[in-house]
Peer 1: 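One structure, pasted below without further comment.
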Amino acid sequence: MPELPEVETVRAGLERWIVGRTIAAVDSLHPRAVRRHSPGAADLAERLIATTVVAVHRRGKYLWLSLDADTAGSDCLILHLGMSGQLLVSTPQAPDGPHLRGRIRFRDDGTQLRFVDQRTFGAMQLDALRTDGPSETPSSILHIGRDPLDPYFDDRDWIRRTRARRTTIKRALLDQSLMSGVGNIYADEALWRAKLHGDRPTASLSSTQLTTLLTDLRSVFGEALRAGGTSFDALYVDVNGQSGYFDRSLAVYGRAGEACRRCGKPISRAKWMNRSSYFCPGCQPRPRAVRKV
DNA sequence: GTTCGCACCTGAGCGC
DNA sequence: TGCGCTCAGGTGCGAA
């Protein structure tokens with residue numbers, strides 16, 4: 001599933017392949033791919049034609065292409081991969097796959113940008129950039145917090161706001177308004193490294209513990225980035241269709257029943273909010289209030 | 001205002 | 001062989 005390292009890998013690929021190119025045509029091939037663009041697919045295509053991609057930006061799991069022309073009040077194209085989205089740089093001759101949802105063709109008739117998305121949680125949307133402190137952000141994602149690799153991310157502010165929440169630490173990690181980019185996989189990995197159970201109330205954690213968690217989160221992100229991201233199946237690939245290999249380095253996620261690399265106890269898997277949570281019962285004991293008898 | 005649960009969606013894997 | 005169920009999970013929305 002695309003989380004921060006996977007999205008950043010895609011962003012870097014897009015930067016290499018599409019910056020400086022002018023859009024000639026946009027094909028929207030599935031209504032859900034443009035559901036967040038309320039004027040509809042035809043409007044999206046019409047306003048993108050003849051614009052040039054200036055830069056590719058990312059905040060958390062959101063990508064956006066900055067465009068050179070004022071497209072009637074919108075100056076960027078937001079791209080979100082959802083759970084299974086892929087942005088592929090393909091030759092015009094490459095066959096359409098079964099889950100092709102959108103396609104951007106460029107005036108140079110070279111490679112195309114294809115949006116492939118099996119589960120249709122991803123989306124494309126035109127938006128206007130707004131000043132957001134020291135940088136610019138699309139207006140519709142102003143509520144998304146900065147990610148921990150953002151140079152303007154404020155560690156102390158995140159710690160203060162997290163401790164003020166009346167929730168658990170895993171919920172807080174997945175709350176994209178507090179901090180973006182973290183999904184289920186890297187939340188479990190960072191919590192394992194920090195020896196914290198996901199059900200620990202945020203208010204019970206010290207500043208030191210949260211600082212350690214941030215450090216561990218950044219290190220797991222860095223390692224995953226160097227590995228090109230995590231790929232459990234064919235759902236995540238970079239713009240050239242290549243899989244990352246960080247899944248080989250995961251300590252807990254997807255390893256239920258296997259020995260913890262730190263203490264040797266078998267990794268547990270628990271149902272959590274209609275999904276799974278992986279943790280080591282030895283290194284990450286449940287807090288007393290929710291400890292199962 | 002904050003927190004939580006659920007729907008959205010598709011295809012692989014599994015049991016019967 | 002075919003059917004039905006479960007699972008995967010990011011995001012937005014409504015309810016409490």
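All chains are named by letter (A, B, ...) in the order of the sequence lines, taking the proteins before the strands, and each is independently numbered beginning at 1.
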Peer 1: Is it true that a side-chain atom of Glu223(A) and a backbone atom of Phe221(A) form a donor plus acceptor pair closer than 3.5 Å?
Peer 2: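 Not a single qualifying donor-acceptor pair exists.
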
Peer 1: Dump the pairs, protein N or O against N or O of nucleotides 12-16 of chain C, anything under 3.5 Å, distances to one decimal.
Peer 2:
from    : atom 1 : to       : atom 2 : distance (Å)
dG12(C) : OP1    : Tyr62(A) : OH     : 3.1

Peer 1: Does dG10(C) have OP1 or OP2 sitting under 4.0 Å from an N or O in the side chain of His80(A)?
Peer 2: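 For dG10(C), neither OP1 nor OP2 has a side-chain N or O of His80(A) closer than 4.0 Å.
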
Peer 1: Report the distance from atom OH of Tyr186(A) to atom C1' of dG10(C), rounded to the nearest whole Å.
Peer 2: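 After rounding, the reported distance stands at 15 Å.
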
Peer 1: Please work out which of the three classes, parallel, tilted or perpendicular, describes the rings of His197(A) and Phe279(A), given edges at 30° and 60°.
Peer 2: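 Geometry flag for His197(A) against Phe279(A): perpendicular rings.
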
Peer 1: In whole angstroms, how far is the C1' atom of dG10(C) from the CH2 atom of Trp272(A)?
Peer 2: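 The answer, rounded to whole Å, is 12 Å.
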
Peer 1: For Arg11(A), is there an ion pair with Glu6(A) - N to carboxylate O distance below 4.0 angstrom?
Peer 2: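 So Glu6(A) does not pair with Arg11(A) through a salt bridge.
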
Peer 1: Which whole-number value in Å describes the distance from Leu4(A) CG to dT11(C) P?
Peer 2: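 So the CG-P distance, Leu4(A) to dT11(C), works out to 11 Å.
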
Peer 1: What integer distance in Å separates Leu63(A):CG from dG10(C):P?
Peer 2: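 In whole Å, dG10(C) P and Leu63(A) CG are 15 Å from each other.
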
Peer 1: Please give the angle, rounded to 10 degrees, between the axes at the start and the end of the helix from dT2(B)-dA16(C) to dC16(B)-dG2(C), where five pairs define each axis.
Peer 2: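 Taking the rotation axis at each end, their angle is 50°.
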
Peer 1: Filter on salt bridge (charged side-chain N to carboxylate O under 4.0 Å, His left out), then keep only pairs touching residues 174-188 of chain A, sequence neighbours left out; what's left?
Peer 2: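 Pairs touching residues 174-188 of chain A that pass the test: Arg165(A)-Asp175(A), Lys170(A)-Asp188(A).
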
Peer 1: Please name the residue in the list Ile159(A), Asp216(A), Leu205(A), Asp155(A) that meets the side-chain contact (heavy atoms from CB on, under 4.5 Å) test with Thr211(A).
Peer 2: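 It is Ile159(A), the one option of Ile159(A), Asp216(A), Leu205(A), Asp155(A) that forms the side-chain contact (heavy atoms from CB on, under 4.5 Å) with Thr211(A).
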
Peer 1: Are Asp154(A) and Arg146(A) within salt-bridge range, i.e. N to O under 4.0 Å?
Peer 2: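 No salt bridge links Asp154(A) with Arg146(A).
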
Peer 1: Nearest whole angstrom, please: distance from the C1' of dT11(C) to the CG of Leu79(A).
Peer 2: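 Going from Leu79(A) (CG) to dT11(C) (C1'), I get 16 Å.
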
Peer 1: What are the two closest non-hydrogen atoms of Pro287(A) and Asp199(A), and how far apart are they?
Peer 2: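 Scanning both residues, the minimum pair turns out to be CG-O, 3.5 Å.
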
Peer 1: Would you mind checking if Arg114(A) and Asp96(A) are paired as a salt bridge, meaning a charged N to carboxylate O distance below 4.0 Å?
Peer 2: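 Yes, charged N to carboxylate O under 4.0 Å.
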
Peer 1: Give the rounded distance in Å between these two atoms: CG of Leu174(A) and C1' of dT11(C).
Peer 2: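 It works out to 12 Å between those atoms.
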
Peer 1: Using a 3.5 Å cut-off and no angle test, enumerate the donor-acceptor pairs between side-chain atoms of residues 264-273 of chain A and protein atoms at least two apart in sequence or in another chain.
Peer 2:
from      : atom 1 : to        : atom 2 : distance (Å)
Arg269(A) : NE     : Ser276(A) : OG     : 3.0
Arg269(A) : NH2    : Ser276(A) : OG     : 3.1

Peer 1: Expressed as a whole number of angstroms, how long is the span from Asp117(A):CG to dG10(C):P?
Peer 2: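 Value for this atom pair: 13 Å.
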
Peer 1: Earliest and latest nucleotide of DNA chain B, 5' to 3', sitting under 4.0 Å from a non-hydrogen atom of chain A?
Peer 2: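 Nucleotide range in contact with chain A: dT3(B) to dG11(B).
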
Peer 1: For a quick test of reading the model: is some side-chain N or O of Gln176(A) closer than 4.0 Å to OP1 or OP2 of dG10(C)?
Peer 2: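 The answer is no; no side-chain N or O of Gln176(A) sits under 4.0 Å from OP1 or OP2.
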
Peer 1: Identify, between Arg275(A) and Thr168(A), the residue whose nearest nucleotide on DNA chain B lies closer to the 5' end.
Peer 2: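 Upstream on the strand: Thr168(A).
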
Peer 1: Run the salt-bridge test on Glu3(A) and Lys61(A) with the 4.0 Å N-O cut-off and return the result as yes or no.
Peer 2: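 Salt bridge between Glu3(A) and Lys61(A), a charged N being under 4.0 Å from a carboxylate O: no.
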
Peer 1: Side-chain atoms of residues 26-35 of chain A: list all donor-acceptor pairs with protein atoms under 3.5 Å, sequence neighbours left out, distances to 0.1 Å.
Peer 2:
from     : atom 1 : to        : atom 2 : distance (Å)
Asp27(A) : OD1    : Arg105(A) : NH2    : 3.1
Asp27(A) : OD2    : Arg103(A) : NE     : 3.1
Asp27(A) : OD2    : Arg105(A) : NE     : 3.4
Asp27(A) : OD2    : Arg105(A) : NH2    : 3.1
His30(A) : ND1    : Arg32(A)  : N      : 3.1
Arg32(A) : NE     : Thr120(A) : O      : 3.0
Arg32(A) : NE     : Thr120(A) : OG1    : 2.9
Arg32(A) : NH2    : Thr120(A) : O      : 2.8
Arg35(A) : NH1    : Arg32(A)  : O      : 2.5
Arg35(A) : NH1    : Gly122(A) : O      : 2.9
Arg35(A) : NH2    : Phe121(A) : O      : 2.9

